[in-house]
2 protein chains.
Amino acid sequence: MVRVTGGTTAEAGERILAGLDLWAEWPTATQRAIVGAALESFAERGFHGTSLKHIAQGSGLSTAALYVHFASKEELLFALGRRGHAIALELVRTAAAEPDPATAAQVLVYAFTRWHAEQRTTARVVQYEQGALTAAHAEVIAALRRDTERVVRGLVTRGVGAGAFAVPDVRGASAAVLSLGIDVARWYVPGGPWTPDALGLLYAELAGRLLGMPA
Amino acid sequence: MVRVTGGTTAEAGERILAGLDLWAEWPTATQRAIVGAALESFAERGFHGTSLKHIAQGSGLSTAALYVHFASKEELLFALGRRGHAIALELVRTAAAEPDPATAAQVLVYAFTRWHAEQRTTARVVQYEQGALTAAHAEVIAALRRDTERVVRGLVTRGVGAGAFAVPDVRGASAAVLSLGIDVARWYVPGGPWTPDALGLLYAELAGRLLGMPA
DNA sequence: GAGTGATTACTGATCGATCAGTAAGTAGAG
DNA sequence: CTCTACTTACTGATCGATCAGTAATCACTC
């Protein structure tokens with residue numbers, strides 16, 4: 001696992017982000033072309049708004065060729081959603097493993113926010129398009145989300161116990177911290193007032209206040 | 001405009017919410033049946049995942065009858081999105097009109113959060129389905145969003161000037177406050193740990209900390 | 001207040017277009 | 001000769017939208 005302790009919040013967060021590889025599941029160039037095109041189109045038009053023609057044209061293949069690599073359009077969405085959620089879970093787990101809860105929270109929010117800004121295409125699909133999944137696939141995704149929430153809640157609980165945080169409601173404060181980062185995928189556009197790095201630092205500070213961290 | 005000052009945060013917030021009427025634009029029973037069915041289906045399956053058959057069956061009409069009342073499926077989404085955004089704008093405007101910025105912020109976050117929890121069906125369509133609009137319609141929605149952000153930013157600026165808030169970045173803190181409420185529509189389910197009222201009160205407190213309000 | 005023409009609200013049937021997915025065949029590598 | 005990756009050509013189903021036609025209600029005239 002990636003080392004967190006040491007350096008500034010931004011440096012520690014960047015180490016975590018550098019250790020994540022969305023593409024690890026898809027080794028070949030053709031697979032990456034398909035997944036990349038699907039990601040783009042799902043993010044822009046939504047799952048139901050995306051036709052196989054969009055994915056085929058975006059990846060330079062025929063629609064039939066897609067079925068060599070994926071069983072269905074829904075399987076493609078599922079693979080994407082599962083990978084994205086696994087990445088997010090790995091991110092929060094790595095950050096939360098830092099011994100000092102205050103540092104862990106800062107790094108977690110920084111990296112989580114920055115990831116949702118930098119990878120907003122992926123994040124949109126991961127956060128907003130999973131409703132089109134089959135019941136069985138949706139349950140796999142829901143389990144990954146529960147794991148992520150549990151890690152954050154565990155960190156907040158640990159920080160409260162250590163006197164580093166003071167919150168009125170651990171579960172609610174944890175949900176709020178995750179919400180801040182996730183919603184970035186909805187509204188963030190590059191070229192605005194913040195770089196992903198600056199937004200990550202700002203949100204880390206705001207989350208620290210929200211958690212009652214001494215300034 | 002609804003009176004804000006006086007009573008608890010919850011009482012003032014409830015007065016604002018009681019003054020909002022989503023349905024004012026659609027007076028007849030048939031129109032309300034169509035809009036209601038569209039709202040349900042758009043929220044559950046998304047705009048592109050909803051067929052006219054869904055809306056027709058949900059409203060007890062034939063698909064052809066829908067065109068008596070709406071020019072197209074996209075027009076229906078636009079009407080819904082415009083009305084929902086207008087409601088949200090009215091909500092924040094009313095809350096922000098309260099003279100004391102600290103009270104205004106508490107009431108604003110309470111009412112905004114509670115609305116996104118109680119009206120999560122509407123809120124999902126309003127926040128997440130507008131990508132399917134034509135460019136001209138999307139611009140109308142974008143303008144309403146900018147207005148809402150501007151009202152919140154104005155309130156935060158006023159609070160900082162009055163010494164009621166202390167934030168590192170007015171624009172960023174305003175975005176964060178709105179994000180907290182909006183993201184509720186994504187994850188909130190009735191029957192969980194919080195009623196909409198309780199969540200509104202919790203988020204009002206968390207937003208107060210985020211804005212650097214003295215406890 | 002009876003008769004008339006326009007308007008509104010709907011229906012079942014159907015339009016051309018597009019959808020996800022498949023069948024059959026080909027090119028190239030080993 | 002077989003396997004993998006891909007093509008063109010196609011399927012039945014469904015999409016949003018429109019058709020001609022019907023029933024009811026309106027406004028207005030005599």
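To find a chain, count down the sequence lines: A is the first, B the second, and so on, and within it residues start at 1.
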What is the separation between atom [atom1] on [X] and atom [atom2] on [N], rounded to the nearest whole Å?
X	N	atom1	atom2	value
A:Phe70	D:dA5	CZ	P	13 Å
A:Gln31	D:dT4	CD	C1'	13 Å
B:Tyr67	C:dT8	OH	C1'	19 Å
A:Ile34	C:dG21	CD1	C1'	15 Å
B:Glu75	D:dG16	CD	P	16 Å
B:Leu52	C:dG12	CG	P	16 Å
B:Leu66	D:dA17	CG	C1'	11 Å
B:Gln57	D:dC15	CD	P	10 Å

Taking C-beta and beyond as the side chain, do A:Glu98 and A:Val107 meet within less than 4.5 Å on heavy atoms? no
Of the listed nucleotides [options], the one nearest the side chain of [X]:
X	options	answer
A:His69	D:dT18, C:dG21, D:dC6	D:dC6
A:Lys73	D:dC15, C:dA20, D:dT7	C:dA20
B:Val68	C:dT11, C:dG21, C:dA9	C:dA9
B:Leu61	D:dA9, C:dA20, C:dT11	C:dT11
A:Ala64	D:dA17, C:dC10, C:dT22	C:dT22
B:Ser72	D:dA17, C:dG21, D:dC6	D:dA17
A:Thr30	C:dG21, D:dC15, D:dC6	D:dC6
B:Thr63	C:dC10, D:dA17, C:dA20	D:dA17
B:Lys53	C:dC10, C:dG21, D:dC15	D:dC15

Using a cut-off of 4.0 Å on non-hydrogen atoms, how would the nucleic acid contact of A:Thr28 be classed: base, sugar-phosphate, or nothing? nothing
Where does the angle between the aromatic ring planes of A:His116 and A:Phe112 fall among parallel (under 30°), tilted (30 to 60°) and perpendicular (over 60°)? tilted
Tell me whether the side-chain N/O atoms of A:Ser62 come closer than 4.0 Å to OP1 or OP2 in D:dT7. yes
May I ask you to verify if any side-chain N or O of A:His48 is less than 4.0 angstrom from the OP1 or OP2 atom of C:dA20? no
Pair A:Arg171-A:Glu149, salt bridge (charged side-chain N to carboxylate O under 4.0 Å, His left out): steps then yes or no: CA-CA 9 Å; A:Arg171 205 187 181 100; A:Glu149 287 155 19; over 6 Å; no
Does the cation-pi check pass for B:Arg82 over B:Phe78, that is, NZ or CZ under 6.0 Å from the six-membered ring centre and within 45° of its axis? yes
Any luck finding a side-chain donor-acceptor pair between A:Tyr110 and A:Asp197 under 3.5 Å? yes
